[in-house]
K.L.:
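Sharing a structure, written as structure tokens. Questions coming.
All chains are named by letter (A, B, ...) in the order of the sequence lines, taking the proteins before the strands, and each is independently numbered beginning at 1.
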Number of protein chains: 2
Amino acid sequence: MSLRHALLGLLVDRTASGYDLLKLFDTSLANVWPATQSQIYAELNKLADTGLITIATEGPRGRKQYTITGEGLAELRHWLTETEPQRNVRSEVLLRVFFLGVVSRDQARSHLTELAAGFTQEENALRELESDIEWDEGDLSVYGRIALEYGLRFNAMRREWAEWAAGQVR
Amino acid sequence: MSLRHALLGLLVDRTASGYDLLKLFDTSLANVWPATQSQIYAELNKLADTGLITIATEGPRGRKQYTITGEGLAELRHWLTETEPQRNVRSEVLLRVFFLGVVSRDQARSHLTELAAGFTQEENALRELESDIEWDEGDLSVYGRIALEYGLRFNAMRREWAEWAAGQVR
DNA sequence: TGCCTCATGTAACCAGTTACATGATTAC
DNA sequence: GTAATCATGTAACTGGTTACATGAGGCA
């Protein structure tokens, strides 16, 4: 049920249509919780049905501008403070590493060095993103920076690990 | 389509029934690619239908002992060397951090320190796992260790990040 | 005899992806 | 006028979870 909370979270700071939210997902949440257009529109209708958001204004082209309700904000706070995040274990990268014994040592080693290269690239992409964002003093900036810092550290760790792992294959 | 490759990978080193594989998932793959019983049995039937595995022997209680076929091994190698791993972005932990602005600073800070504690616990659990396994000189041990090392580094990185992040919230 | 473990399967449901469909408004 | 963008929706499918169902074999 995280998508609904992501939508609620975005609606705290602004009023927005499905179309607006879709773009917000593609920019600010792309690396944290990606969502597709069909998913967003469906979930918004459910949220409106249960009263966690409401249509503030209707614009041209059937545009529906949503606002979060008191109930919605309460639900968001409840999710943040009262519920446990379910840890995300599945890793296709690790699954592949686990079975590298079925290919040659050379192939295994190059698999690992390619992984390292990919992580370096991701790290660079995040650094670029970091410099593109205009950070201000608001809460969103504080927590956005913290989330981005996670990405940077994560990729650095993975790169170092993949390099070390390539060295282990002899 | 990773579940099928996980099953193929496990069948490289042994012949096993669905029941055996279920237990293997719960032990060796629990932290990499968890799977449920219903999923495993369904996928095994599909794999047998497409000839990637076959029934070697049938035992008591309807037990079906599967072996990987030449085709199956080829498919596993193809997956490992020719296809790209799809990177796993969704992180509920990060999503929550992103929206910590809706709760008080105190609540946000304690959320982050609780995260740090959870990561420490996971790290300890992995260390225990590490000492429980009897590592030999085989490929599975080499790559198993590499996967486990990833887990250790990952949790250390997350712990340090969460501690740093708690300090950022003032 | 009766309980535990072994062993497989199915059905309903939820979340997410891809693709298709439709139409209004704006800007050139 | 027409092309790009705004804007919403639906349908089919895939992968995964939870729960239910059933029965055989081993052991005390």
K.L.:
Whole angstroms only, please: what is the CG-P distance between B:L95 and C:dG16?
P.N.:
11 Å
K.L.:
Given atom CH2 of A:W33 and atom P of C:dA15, what is their separation to the nearest angstrom?
P.N.:
10 Å
K.L.:
Measure from NZ or CZ of B:R4 to the centre of the six-membered ring of B:W79 and say whether it is under 6.0 Å with the direction within 45° of the ring axis.
P.N.:
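Not flagged: B:R4 not positioned over aromatic ring of B:W79.
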K.L.:
Are any of the side-chain nitrogens in A:R145 or A:E149 under 4.0 Å away from the carboxylate oxygens of its partner?
P.N.:
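Looking at A:R145 and A:E149, the cut-off is not met.
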K.L.:
Can a salt bridge be assigned to the pair B:E122 and A:R87 using a cut-off of 4.0 Å between side-chain N and carboxylate O?
P.N.:
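Yes, B:E122 and A:R87 are salt-bridged.
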K.L.:
What is the distance, rounded to the nearest whole Å, between atom CG of A:D26 and atom C1' of C:dT17?
P.N.:
14 Å
K.L.:
In whole Å, I'd like the distance from the CZ atom of A:R87 to the P atom of D:dT17.
P.N.:
13 Å
K.L.:
With side-chain hydrogen bond (donor to acceptor under 3.5 Å, both in side chains) as the criterion, how do B:R158 and B:N155 come out once you've worked through the C-alpha distance, each side chain's angles and the decisive distance to 0.1 Å?
P.N.:
CA-CA 5 Å; B:R158 292 197 293 180; B:N155 280 299; 2.9 Å; yes
K.L.:
I'd like a list of close polar pairs between nucleotides 6-10 of chain C and the protein, N/O only, cut-off under 3.5 Å.
P.N.:
from  : atom 1 : to    : atom 2 : distance (Å)
C:dC6 : OP2    : B:Y19 : OH     : 2.4
C:dC6 : O5'    : B:Y19 : OH     : 3.2
C:dC6 : O4'    : B:R61 : NH1    : 3.1
C:dA7 : OP1    : B:R63 : NH1    : 2.9
C:dA7 : OP2    : B:R63 : NH1    : 2.8
C:dT8 : OP1    : B:K64 : N      : 2.9
C:dT8 : OP2    : B:G18 : N      : 3.4
C:dT8 : OP2    : B:Y19 : N      : 2.7
C:dT8 : OP2    : B:Y41 : OH     : 2.8
C:dT8 : O4     : B:Q37 : NE2    : 2.7
C:dG9 : OP1    : B:K64 : NZ     : 2.7
C:dG9 : OP2    : B:N45 : ND2    : 3.3
C:dG9 : O6     : B:Q37 : OE1    : 3.3
C:dG9 : O6     : B:Q37 : NE2    : 3.2

K.L.:
Could you state the CG-P distance from A:L3 to C:dT17, rounded to the nearest angstrom?
P.N.:
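Taking atom P of C:dT17 as the reference, CG of A:L3 is at 10 Å.
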K.L.:
Under 4.0 Å between a side-chain N or O of B:R4 and OP1 or OP2 of D:dT14?
P.N.:
no
K.L.:
Please check this pair: side chain of A:W135 against backbone of A:E130, looking for a donor-acceptor N/O pair closer than 3.5 Å.
P.N.:
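Looks like yes, one N/O pair under 3.5 Å.
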K.L.:
What integer distance in Å separates A:L24:CG from D:dC6:P?
P.N.:
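In whole Å, D:dC6 P and A:L24 CG are 13 Å from each other.
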K.L.:
Would you kindly give the CD1-to-P distance between A:I40 and D:dC6, to the nearest whole Å?
P.N.:
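In whole Å, D:dC6 P and A:I40 CD1 are 15 Å from each other.
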K.L.:
Rounding to an integer number of Å, can you tell me how far B:N88 CG sits from D:dG15 P?
P.N.:
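Answer to the nearest Å: 15 Å.
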K.L.:
Please enumerate all residues that pass side chain to side chain contact (heavy atoms under 4.5 Å, CB included) together with A:A108, with sequence neighbours excluded.
P.N.:
A:L100, A:V103, A:V169, B:Y143
